[in-house]
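Notes follow once the structure below has been shown.
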Amino acid sequence: MDTGEGAAPVSATASSSPEQLDARDPLAHLRERFIGSESDLVYLDGNSLGRPLRVTASRLAEFVESSWGGRLIRGWDEEWLELPTSIGDRIADVCLGAAPGQTVVADSTTVLLYKLVRAAVALRPGRTEIVLDRDNFPTDRYVAQGVAEECGLRLRWIDVDTSAGVTAEQVAAVVGSDTAVVLLSHVAYRSGWLADVAAVTACAHEAGALTLWDLCHSVGSVPTELDRWGVDLAVGCTYKYLNGGPGAPAFAYVAARLVDELRQPIRGWMGVRDPFAMGPDYEPAPGIRRLLSGTPPVIGMLAVQDMLDVIGEVGIDAVRAKSVALTSAAVAWAAERLPEVRLASPSDPARRGGHLTWTHPAMREVTAALWRRDVLPDYRDPGGLRLGLSPLSTSFAETSAGLDAVRAVLDGRDARAR
Ligand SMILES: *Cc1c(COP(=O)(O)O)cnc(C)c1O
């Protein structure tokens, strides 16, 4: 699998200073395009909510003044109705390795997961199982549980090492003639484990099952080749590494070979062949638009376009190379400066995405103390400090400062930490 690690622009070792690494980073100049990059705040949670780009402020103001305020209802025909597919195609082109016509922006990841798990099950009539892992993100597990209950199916759980993730061998061991769909994350939300999508998809296909990949923690950071890897279905969000803003809608990918057979459960007027015919019966739109239900969330789709422009400018492989360099530096520095913590993420950069977790019994309190000093990582049970190093808005100096702050808090140098 090509994960881009070969192209790392900077060799990140504990012996390189953060300043040297920033000076050699070919993408360093992009950081100042993000609001807040000038402040001393250390932001290590860009994988939960990306920072806004400065141009987004003017895009939003201009939208209210000119598009909404000026075009009014005409805006729908002139531009807005096409945004779900035009922005979908742009995500596909810049990040997903997918040809046009297979990606659409809508709803939230949770709702799109529901639509696609239901659709996958309907595409495999007579098959009775959904395969998934116990450490997937809660929403993925809950949606699968709901669909299983609704459709009378069984869940086939894979137990995983929470410091790693699901392997193709584990999938091969559980899929069979009963499997309708295999639902997994590309990058595990806790450990950062990077699944081998091509190998897992091949295992599922061998058993006649479909795959549904959750790309929330990879899109915009780790490249995918959805078409080449033979992926059937995928979802992802736009507010993490795509910097679309809080509550920005999600996207779904359906392989062209499946889309015209696909039936999704939330039938609405925007997903039909001709919405304005206001016809008596639901007739799904040809192609990927059939995944739509109601009116597209236009305002929510504005900001993501700015991040797609920036990623498109440098290429997703360069973003991945920076990400690998950042996580490698962080792993090396933490080993040196924080000997008492345990890395609960893959040490091989080819097997991890853009975030890292370290465990220590005091991490919950450590995280709270860090937030009080404007260092913002994330906490994940049990005892995990998670650093999300959003490649374009995070510098090596910022990463290093964050680890120094962890050292200071663990040493009790922050009075409020106790
Ligand atoms: C963030 C995330 C989600 C979010 O789903 P929402 O519906 O946007 O709340 C889903 N799955 C994974 C793996 C995530 O990391």
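Counting starts at 1 for both ligands and their atoms, following the listed order.
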| note | min-distance protein heavy atom vs atom 7 (O) of ligand 1 -> T110 OG1, 2.5 Å
| request: Over 60° means perpendicular and under 30° means parallel, so classify the ring planes of W68 and F63, tilted if in between. | output: tilted
| task | Could you check atom 5 (O) of ligand 1 against the protein and tell me its nearest heavy-atom contact, residue, atom and distance included? | result | T109 CB, 3.4 Å
| task | Using a strict cut-off of less than 4.0 Å between a Lys/Arg side-chain nitrogen and an Asp/Glu carboxylate oxygen, indicate whether R134 and D159 qualify as a salt bridge. | result | yes
| request: May I ask you to check whether T139 has an N/O atom sitting below 3.5 Å from an N/O atom of ligand 1? | output: no
| said: Return the closest protein heavy atom for atom 9 (O) of ligand 1 as residue, atom name and distance. | reply: Y239 OH, 3.5 Å
| field | Ligand-side contact atoms (ligand 1) for residue partner S185, heavy atom cut-off under 4.0 Å | value | 13 (C)
| Which residue and heavy atom of the protein sit nearest atom 3 (C) of ligand 1, plus the separation | F137 CE2, 3.5 Å
| message | Return the CH2 to OG1 distance between W80 and T295, rounded to the nearest 0.5 Å. | response | 11.5 Å
| field | Criterion side-chain contact (heavy atoms from CB on, under 4.5 Å) against Y253, the qualifying member of D227, I288, L212 | value | D227
| message | For H186 and H217: C-alpha separation, side-chain torsions, deciding distance, then whether ring pair (Phe, Tyr, Trp, His ring centres under 6.0 Å) applies. | response | CA-CA 7 Å; H186 181 207; H217 276 290; over 10 Å; no
| message | Within ligand 1, which atoms have a heavy atom of H217 less than 4.0 Å away? | response | 15 (O)
| said: If I take atom CG from residue D306 and atom CG from residue L308, how far apart are they, to the nearest 0.5 angstrom? | reply: 9.0 Å
| message | Taking a cutoff of less than 4.0 Å between a non-hydrogen atom of the residue and any ligand atom, is A250 in contact with ligand 1? | response | no
| note | Any heavy atom of D140 under 4.0 Å from ligand 1? The part involved is side chain
| remark: One finds that the ligand 1 atoms under 4.0 Å from a non-hydrogen atom of S108 are 7 (O)
| Mode of D214 contact toward ligand 1 - side chain, backbone, both, neither (heavy atoms, under 4.0 Å) | side chain
| Close-contact set for ligand 1 against K240 heavy atoms, below 4.0 Å | 1 (C), 2 (C), 3 (C), 14 (C), 15 (O)
| said: Using 0.5 Å steps for rounding, measure from the OG atom of S191 to the CZ atom of R380. | reply: 12.5 Å
| query | Is R71 salt-bridged to E79, cutoff N-O under 4.0 Å? | reply | no
